[in-house]
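Scope of the values below: all heavy atoms of this structure, side chains included, with no hydrogens, waters or symmetry mates.
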Amino acid sequence: MSNSHDTTNLNALSTAASAYLRSAMHQPVRWQEWGDAAFEQAIREDKPILLDIGAVWCHWCHVMDRESYENADIAEVINKFFVAVKVDRDERPDVDTRYQAAVSSISGQGGWPLTAFLTPDGLPFFGGTYFPPDDRHGRPGFRRVLFTMAEAFEKKRDEVNESAGSVMSAIEQNESFSGRAENPGPELVAKLVASALQQFDPRNGGFGSQPKFPHSGAVDLLLDVASRPGEIAETAQRAALVTLEKMSRGGIYDQLAGGFHRYSVDEHWVVPHFEKMAYDNSELLKNYVHAYQTFVEPESARVAREIVRWVDELLSDRERGGFYASQDADLSLDDDGDYFTWTLDEAAAVLTADELAIAGPFYNIREVGDMHHNPAKNVLHITQSLSAIPEAKNRPASYELETAKDLLISARKKLYAARLERKTPYIDKTVYTGWNAMLISAYLAAGRVFELRGATEFALKSLDRVLREAWSAQGELAHVVAYGEGTEPGTRVAGVLEDYVFLGNAALDAWEATGEIRYYDASAAIAESAVSRFYDPVGGAFFDTEAIADGELRRGALATRRKPLQDSPTPAGNSIGATLLLRLYALNGKATYADMATNTLESFAGVVEHFGLYAASYGLALQRMVTPPVQVCIIGEDHHARLLEAVALARFAVNKSVIRFSREQLAALPPALAETLPFLPEQERSFAVVCSGNTCQPPVTDVDALVAILSRAV
């Protein structure tokens, strides 16, 4: 965030609610938020628009802020020739996705900061990402770019308008997928799985080379395949588990606090971009829960619990409920992950000699470390097992494995305590609807599998808050539940498709965990609203934004509606929307839901194979569609019910749901489930009923009998 504190001249961002926008309110650039006022000024003054899109967690956004936007001379050029608009990509994903597509079509790359030059009505004619203030490393300097774009707008207007028109045509063409294919089936799922396996790195885990992203959807798709009989089950299992193991041992994982950084700059998972995002940790938490469900890996359980611990400590509003958006990577532009990294001397100052003798080699803390900006800095990561450390030169004189474990635990606690004494990187306390829904679902999964009552309770508390504060009686959902630091929004940011479908799924997860019909009702109502606002009854599939109302003017690229298919950076709205409809269809029997889900998946079936890893959530949705739904209903509230639930939860499969009911809750069930459940016996002991399609098996109380039924049904 900006270090400038000139309070004599504030720009219009001083009234913004977004933490990222407010960080620029002291800059000499006369920034405005995205909105009618900025566009009307540009049209009135006949000036092009300089659009800057970034985020509070984005290191290079802060670099460009300091180098260029806090530079008085550059600001003078911007204020003279342009109308400057700054956008928080987390707050306005609808703006970001469209101009990312535009700049990618112009320059061949996207990312943040996104720097775009627009006509007064918002059409992009040039753009890029980070520009240094002066020509450097083969990149044109920002000063030169500004003068060039201002001159082009003034003297070559026809070329500018032609370029803008071509860019918009390219965006519209890219978003109008002509890839419909009827009746996609298991063979398409197999192709997406094969694509992931083809890119799997057997040595380091993960997919592809550097930089490496977690690709959580691909991991879940492989885990689902690995849990089913088939020729590639063993291969899929190895790819998923090796990836999870290598990530959790790498520097991308915070070895002291828990939780994952955003991605690794190298193929070995050692040096990450240090920001931590809510959405990455939600999906990775699900991965480790699902891995434990199927393969009972102790390390998967450990990592999952530590993710929950970190989110509890730093990324959650314990009082009101709700999850915060992100933790920044750096304290200032002069460091690069210094909060998270250690020199050997820093570690030695905290630990005893015996503790350092174990923790040093275990976490790979050396005199020459991993960071380019400061070679003495080490990213803690694990390269050898604890049992191998006795062979190290600096082992303690008297050594046993149990002693080493105790020393490592002690060292980790001391290192973390010492790190907490450092100034903590900024936490964006904005509560976003969609990201909260993702973490709510992940917390519910972890709470059930690991019997973490606190995680389940906090997930439900957070869900109740989102439904109370972001969901209206008119069926409208806001994108932002609350801003951090007590700021109030000037205007309500409307929810996008992802907000609706993620929240609908989270509410359904809450119903499965509690049996409370109000959560099912909330999910059904959200799905109805999503269909009415986003579903395309003519072309099929969901748009990411609502239909343009009569008389409504959407500026620039917002006039183009998108049908998201690619998982970037979160699972695609169409895949999650189809998943929601399929889950509800299994419970309410609405054939229109099944038809819309099928239509959505068919809309992309002809092109999705080319998206590979980035369409894994589509593969999961299609797997759900082509395999019959299996519902395991656990009735009872005693210890035996919990045992039956644990057995039912074992083995992750996308088409399986486990619902926990008290006897009283059986009086209020979703319609299709109420029709298929048989006459239930009046008995004190808890029991389970397995339903698939329109039939249910007889109730069972015996654990082995339940295992046998599930082995046939799933």
How are the rings of Y618 and F604 set to each other: parallel, tilted or perpendicular (split at 30° and 60°)? perpendicular

Heavy-atom check, side chain of R583 versus side chain of S657, under 4.5 Å: no

What pair of heavy atoms forms the shortest contact from G259 to N281, and how long is it? CA-OD1, 3.3 Å

Would you sort out whether D509 and R448 count as a salt bridge (Lys or Arg N to Asp or Glu O under 4.0 Å), showing the intermediate values? CA-CA 11 Å; D509 292 333; R448 299 186 76 184; over 6 Å; no

Where do S195 and G612 come nearest, in terms of heavy atoms and distance? OG-CA, 3.4 Å

Over 60° means perpendicular and under 30° means parallel, so tell me whether Y263 and F213 are parallel, tilted or perpendicular. parallel

Look only at the side chain of W269 and the backbone of R249, and say whether a donor-acceptor pair between them is shorter than 3.5 Å. no

How about W435 and D90: does a side-chain donor come under 3.5 Å of a side-chain acceptor? no

Side chain to side chain, E346 and V350, heavy atoms closer than 4.5 Å: no

Can you measure from CG (D335) to CE (M371) and round to the nearest 0.5 angstrom? 9.0 Å

Closest approach of F450 to A304 (non-hydrogen atoms, all atoms of both residues): CE1-CB, 3.5 Å

Sole residue of F274, Y279, Y288 in ring pair (Phe, Tyr, Trp, His ring centres under 6.0 Å) with F260: Y288

Tell me if the NZ atom of K377 is crowded by more than 12 foreign heavy atoms within 6.0 Å. yes

Closer than 3.5 angstrom, by distance alone: can the side chain of R309 be matched with the main-chain N or O of A257 as a donor-acceptor pair? yes

Whether S248 side chain and E245 backbone form a donor-acceptor pair below 3.5 Å: yes

Hey, do the aromatic rings of H381 and Y253 have their centres closer than 6.0 Å? no

Provide the closest heavy-atom pair for G110 versus S104 in the form atom of the first, atom of the second, distance. N-OG, 3.7 Å

Counting only N and O atoms by type, is there a donor-acceptor contact under 3.5 Å from the side chain of Y443 to the main-chain atoms of V308? yes

For the student: nearest non-hydrogen atoms of Y339 and R422, plus distance: O-NH1, 2.7 Å

Looking at side-chain heavy atoms only, is the closest gap between T294 and L223 below 4.5 Å? no

Can you see whether H59 engages D336 through a side-chain donor-acceptor pair at a distance of less than 3.5 angstrom? no

Any F323 side-chain heavy atom under 4.5 Å of M438 side chain: no

If you measure from CD on Q327 to NE2 on H261, what distance do you get to the nearest 0.5 Å? 8.5 Å

Answer yes if the ring centres of Y20 and Y426 are under 6.0 angstrom apart, and no otherwise. no

Can you tell me if D544 uses its side chain to pair, donor with acceptor, with the backbone of K563 under 3.5 Å? no

Rounded to the nearest 0.5 Å, what separates atom OG in S316 from atom NZ in K429? 10.0 Å

Carboxylate-amine/guanidinium contact D224 R624, below 4.0 Å: no

Could you please spell out the steps behind the side chain to side chain contact (heavy atoms under 4.5 Å, CB included) verdict for L622 and M625? CA-CA 5 Å; L622 182 58; M625 187 180 81; 3.6 Å; yes

Any side-chain heavy atom of L222 within less than 4.5 Å of one from L197? yes

Can you tell me if H372 has over 12 outside heavy atoms packed within less than 6.0 Å of its NE2? no

Could you check whether any side-chain N or O of Q255 sits under 3.5 Å from a backbone N or O of G250, counting only pairs where one atom can act as donor and the other as acceptor? yes

The residue among T383, L407, I382, L380 that forms side chain to side chain contact (heavy atoms under 4.5 Å, CB included) with F362 is I382

How far does NZ of K413 sit from CG of L351, to the nearest 0.5 angstrom? 14.0 Å

If the threshold is 4.0 Å, N to carboxylate O, is there a salt bridge linking R412 and E306? yes

Counting distance only, does the side-chain N/O of T579 pair as donor-acceptor with the main-chain N or O of S575 below 3.5 Å? yes

Counting only heavy atoms not in E367 (residues, nucleotides, ligands), do more than 12 fall under 6.0 Å from its CD? no

For the pair R262 (side chain) and H273 (backbone), establish whether a donor and an acceptor sit closer than 3.5 Å, ignoring hydrogens and angles. no

Is the W60 ring parallel, tilted or perpendicular to the Y130 ring (thresholds 30°, 60°)? tilted

Short side-chain to backbone donor-acceptor contact, K212 and E267, under 3.5 Å: yes

For the atom pair OG (S603) and CG (L565), what is the distance rounded to the nearest 0.5 Å? 10.0 Å

Residues F295, F652; criterion ring-ring contact (aromatic ring centres under 6.0 Å, His included); working and verdict: CA-CA 9 Å; F295 302 110; F652 165 67; over 10 Å; no

Answer yes when D254 and K276 have at least one side-chain N-carboxylate O distance shorter than 4.0 Å, and no when they do not. yes

Do T600 and N574 have side-chain atoms, one donor and one acceptor, less than 3.5 Å apart? no

Tell me, do D338 and D330 make a side-chain contact under 4.5 Å, heavy atoms counted? no

Going from CD1 on I307 to CG on L439, what distance comes out if it is rounded to the nearest 0.5 angstrom? 10.0 Å

Under 3.5 Å, side chain of D428 to main-chain N/O of S326, donor-acceptor pair present? no

Taking the side chain as every heavy atom from C-beta outward, state whether R238 and P202 have any atom pair closer than 4.5 Å. yes

Which heavy-atom pair separates V219 from A240 by the least distance, and what is that distance? O-CB, 4.2 Å

Show your working on side chain to side chain contact (heavy atoms under 4.5 Å, CB included) between R228 and R651 and close with a plain yes or no. CA-CA 9 Å; R228 304 174 188 274; R651 184 181 164 198; 4.2 Å; yes

From CA spacing to verdict: side chain to side chain contact (heavy atoms under 4.5 Å, CB included), Y363, L408: CA-CA 10 Å; Y363 289 125; L408 183 63; 3.8 Å; yes

Checking side chain to side chain contact (heavy atoms under 4.5 Å, CB included) for the pair N364/N378: CA distance, chi angles, key distance, verdict? CA-CA 8 Å; N364 214 21; N378 291 271; 5.9 Å; no

Is R139 close to T129 at the side-chain level, that is, under 4.5 Å between some pair of heavy atoms? yes

What I want to find out is whether D201 reaches K246 closely enough, with some N-O distance under 4.0 Å, to be called a salt bridge. no

